[in-house]
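One-based numbering, in listed order, for ligands and for the atoms of each.
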Amino acid sequence: MSVLLIRKYPDPILKKKALPVEEIDGELQVLIDDMIETMHSAPGIGLAAPQVGVSKRVIVVDVSSREESQPLLVLINPEIVRAEGKVASEEGCLSVPGYVSTIERAERVVVKGLDREGRPLEIEASGLLSRALQHEIDHLEGVLFVDRMSPIKREFFRKRYLRRQKAVV
Ligand code: NI
């Protein structure tokens with residue numbers, strides 16, 4: 001297993017819609033293991049394949065550091081099939097280091113996908129897990145949490161973030 005480089009905003013791969021996985025092979029298993037190690041070492045509670053430069057529909061989520069009973073999840077081709085309620089909470093992203101913002105998302109979701117062996121999986125989630133799943137599935141659509149900020153907040157963020165990026169070269 002290896003820790004992969006996490007792509008940072010404004011890397012163009014983060015804006016691309018990821019392609020569905022068509023074959024679950026050894027190469028994909030290596031990617032999944034590397035994504036898990038990269039997420040844990042960051043540390044983060046979720047990671048999507050485009051964040052490590054692979055434009056495929058794979059996510060890993062592990063909220064057990066904050067909600068002990070939740071197992072590590074690997075989801076291939078995940079889809080939100082039901083979303084209910086609205087809740088605003090603070091979130092950040094490993095691809096946008098140093099920034100957090102309050103983002104409104106569905107309170108509860110049902111997500112369908114495949115596990116790493118290709119077996120169908122359905123997850124009902126609320127709380128942090130629901131938020132993490134929605135955030136990671138957004139990555140597969142090329143959407144970052146900053147895209148969900150109001151236009152004024154986003155413009156303010158963009159200016160500050162890009163100025164800071166320049167400053168740390
Ligand atoms: Ni993220």
* To do: Please examine the side chains of Leu114 and Leu75, heavy atoms only from C-beta on, and report whether any two atoms are closer than 4.5 Å.
  => no
* To do: For the residue pair Val52 and Met35, establish whether any side-chain heavy-atom pair is separated by less than 4.5 Å.
  => yes
* Do the two ring centres, one from Phe145 and one from Tyr9, sit under 6.0 Å apart? -> no
* To do: Check whether the side chains of Ser95 and Gln51 place a donor and an acceptor atom closer than 3.5 Å, and report yes or no.
  => yes
* Charged N-O contact under 4.0 Å between Glu79 and Lys112 -> no
* To do: Could you list the residues that satisfy side chain to side chain donor-acceptor pair (under 3.5 Å) with Glu155, not counting sequence neighbours?
  => Arg158
* To do: Only protein N/O/S atoms count here: give how many lie under 2.8 Å from the Ni ion (ligand 1).
  => 3
